[in-house]
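Notes follow the structure.
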Number of protein chains: 2
Amino acid sequence: MEYEQPQAATILNAKIDEEVESLHDGILSKLRDFIVEGHLRPGDRVPERQLCESLGVSRTPLREALKVLAAEGLIELLPNRGARIREFTPDDVREFFEMLAGMESTAGRLACERITEAAIEQIEALHYQMYGHYMRRELPEYFRLNQLIHERIVAAAGNHALETYYHGLTARMRRLRYSANTIKRDRWGQAMREHEQILDALRRRDGRELAEILYEHLIHKWSATSEALGTAEAE
Amino acid sequence: MEYEQPQAATILNAKIDEEVESLHDGILSKLRDFIVEGHLRPGDRVPERQLCESLGVSRTPLREALKVLAAEGLIELLPNRGARIREFTPDDVREFFEMLAGMESTAGRLACERITEAAIEQIEALHYQMYGHYMRRELPEYFRLNQLIHERIVAAAGNHALETYYHGLTARMRRLRYSANTIKRDRWGQAMREHEQILDALRRRDGRELAEILYEHLIHKWSATSEALGTAEAE
DNA sequence: AGTCGATAAATTGTATGCAAAATGTCTAAC
DNA sequence: GTTAGACATTTTGCATACAATTTATCGACT
């Protein structure tokens with residue numbers, strides 16, 4: 001057992017008694033963030049006792065949090081053998097992206113029915129801002145606005161259940177995402193063109209077409225990402 | 001080192017070789033079924049102590065199960081005030097159906113790429129069987145086969161994450177469903193026609209069209225159901 | 001009599017303890 | 001040197017105990 005947990009301890013110990021937030025929820029968020037940020041490697045065993053000391057709480061609330069995280073699919077709980085950080089197979093990643101594509105597609109369809117003109121204009125503004133970053137090849141800013149636009153569309157769908165699940169998905173994928181903070185030149189151009197189409201369909205409130213474009217857009221993104229990840233994770 | 005589906009342990013109970021099912025999982029399934037079957041009314045407070053004695057276990061595993069159920073959205077946990085069976089507003093129902101429509105739509109699209117000819121033939125068989133029940137106006141049998149067909153399509157999508165979430169959704173809606181075991185004559189006919197289209201698109205493996213038809217089909221089903229429910233739940 | 005407030009009861013949140021299962025180590029036999 | 005088995009250690013699963021918060025009951029005051 002020589003995996004570095006001390007790091008975990010220091011970062012996790014940040015602040016525990018900040019709110020009246022029931023200890024359990026605090027642990028849950030902290031652990032979730034911690035896993036999502038990628039500080040625990042997939043396949044790592046996570047002894048309860050060790051986590052307890054890191055977090056400064058007893059095992060009861062910790063175990064409750066672990067059960068929830070397992071239900072969310074972030075960790076897996078083997079009977080009598082404790083928790084492991086869940087390992088994502090390429091198939092898992094494919095499934096996540098397909099789900100994401102489906103979610104955003106559905107969100108787009110709904111957004112066309114419900115989005116306000118003001119919200120469309122805001123997304124337009126974000127789009128042109130993103131276009132600027134694209135022209136100046138400012139990758140991080142481009143990614144940020146890109147994600148923001150997608151989030152705005154999802155929010156405009158007016159479906160809280162969808163939004164919640166969407167954010168859960170993106171959280172689970174964040175660990176993968178940061179590995180792929182790169183984009184091929186030609187893919188970048190194509191992504192921009194797709195975004196133009198997205199905006200166009202949204203302006204026309206053409207739900208079917210927006211659903212279609214968003215689905216394809218996300219599947220393309222997956223192809224690009226999995227390509228980049230395929231080499232990055234085969235270390 | 002292979003390990004089996006992690007979600008199966010929590011969402012489904014797919015591991016039965018011995019009866020060593022960890023007490024926690026047993027409680028989880030029992031409670032979930034109990035709530036889904038509608039034995040606990042929405043808004044009911046559920047004292048832990050009472051549940052403990054009913055189930056014959058201590059509070060620790062029970063609380064772990066409650067946390068998971070809360071994460072799944074079946075109950076809500078008020079801080080220091082215990083668990084309540086979650087109440088579904090009409091908006092919640094609308095959101096569920098929209099999600100269901102989106103899920104099945106996505107599933108249909110994927111199924112067109114992956115389904116085997118044999119599976120298509122099985123669904124065809126189910127379809128004609130269902131058509132028989134429609135002609136003879138056998139409602140319960142019709143509903144059963146209807147749901148079976150939709151499940152087959154979802155299964156054919158080859159996306160375990162989608163399937164899991166889909167079943168979670170249908171479970172949450174089962175409590176609403178059984179209230180609406182009725183269908184209007186004209187809606188029934190339309191539903192059958194839509195199913196013909198579904199089968200046709202599936203045969204042609206036209207993913208876009210199947211996605212479109214399935215989405216509309218589910219939204220129509222929602223309109224019909226919410227109409228029936230609107231009177232039934234406005235007691 | 002009604003309302004507000006204080007105290008008591010009940011209920012939830014957390015910590016600890018104990019038994020069962022799993023993991024690791026050491027020894028002995030081949 | 002390798003492997004199998006028994007014992008010790010660690011870790012998980014569950015139950016109970018205690019602390020904190022909420023809810024209920026009762027009495028005092030307007």
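Chain identifiers are assigned alphabetically (A, B, ...) following the order of the sequence lines, protein sequences preceding nucleic acid strands; residue numbering begins at 1 within each chain. Note that these values count all heavy atoms, side chains included, but never hydrogens, waters or copies made by symmetry. Since the model is a prediction, treat every value here as computed from it, not as a measurement.
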Problem set entry | Between C1' of C/dA22 and CG of A/Leu78, the distance in whole Å | 12 Å
Problem set entry | Distance in angstrom units between B/Arg63 CZ and C/dT11 P, rounded | 14 Å
Exercise. Does A/Asp33 use its side chain to pair, donor to acceptor, with the backbone of A/Lys30 at less than 3.5 Å?
Worked result: no
For this session: Would you mind reading off the distance between B/Leu77 atom CG and D/dT22 atom C1', rounded to a whole angstrom?
Result: 15 Å
Exercise. Which of the following nucleotides, C/dA15, D/dT12, D/dA15, is nearest to the side chain of A/Val57?
Worked result: C/dA15
Problem set entry | A/Arg45 CZ to D/dT11 C1', straight-line distance once rounded to whole Å | 7 Å
For this session: Kindly calculate the angle separating the two end axes of the helix from C/dA1-D/dT30 to C/dC30-D/dG1, each obtained from five base pairs, and round it to 10 degrees.
Result: 10°
Exercise. How long is the line joining CZ of A/Arg81 and P of D/dT9, in whole Å?
Worked result: 23 Å
Exercise. Which value, rounded to the nearest 0.5 Å, describes the distance between A/Glu76 atom CD and A/Glu87 atom CD?
Worked result: 8.0 Å
Exercise. If you look only at pairs with a residue in residues 91-102 of chain A, which of them pass as a side chain to side chain donor-acceptor pair (under 3.5 Å), with sequence neighbours excluded?
Worked result: A/Arg86-A/Asp92, A/Thr89-A/Asp92, A/Asp91-A/Arg94, A/Arg94-A/Glu98, A/Glu98-B/Arg114, A/Glu98-B/Asn159
Exercise. Between A/Glu37 and A/Arg174, is there a side-chain N and carboxylate O pair less than 4.0 Å apart?
Worked result: no
Problem set entry | A/His167 atom NE2, over 12 foreign heavy atoms within 6.0 Å | yes
Problem set entry | Salt bridge present between B/Glu72 and B/Arg172 (N-O < 4.0 angstrom) | no
Problem set entry | Donor-acceptor under 3.5 Å (A/Ser105 side chain, A/Ala211 main chain) | yes
Exercise. OP1 or OP2 of C/dT12 sitting under 4.0 Å from any side-chain N/O of B/Arg49?
Worked result: no
Problem set entry | d(CG, B/Leu62; C1', C/dG13) in whole Å | 14 Å
Exercise. For B/Glu48 and A/Asn80, take the nucleotide of DNA chain C holding the closest heavy atom to each; which residue's nucleotide lies nearer the 5' end?
Worked result: B/Glu48
Problem set entry | Side-chain donor or acceptor of B/Arg45 paired with backbone N/O of B/Arg81 under 3.5 Å | yes
For this session: Please state how far atom NE2 in B/His24 lies from atom C1' in D/dA15, giving the value in whole angstrom units.
Result: 16 Å
Filtered N/O pairs between nucleotides 16-19 of chain D and protein, under 3.5 Å:
residue : atom : partner : partner atom : Å
D/dT16  : O4   : B/Thr60 : OG1          : 3.3

For this session: Can you tell me the distance, in whole Å, between the CD atom of B/Glu64 and the P atom of C/dG13?
Result: 14 Å
For this session: Could you tell me whether the side chain of A/Glu48 reaches within less than 4.5 Å of the side chain of A/Leu66, counting heavy atoms only?
Result: yes
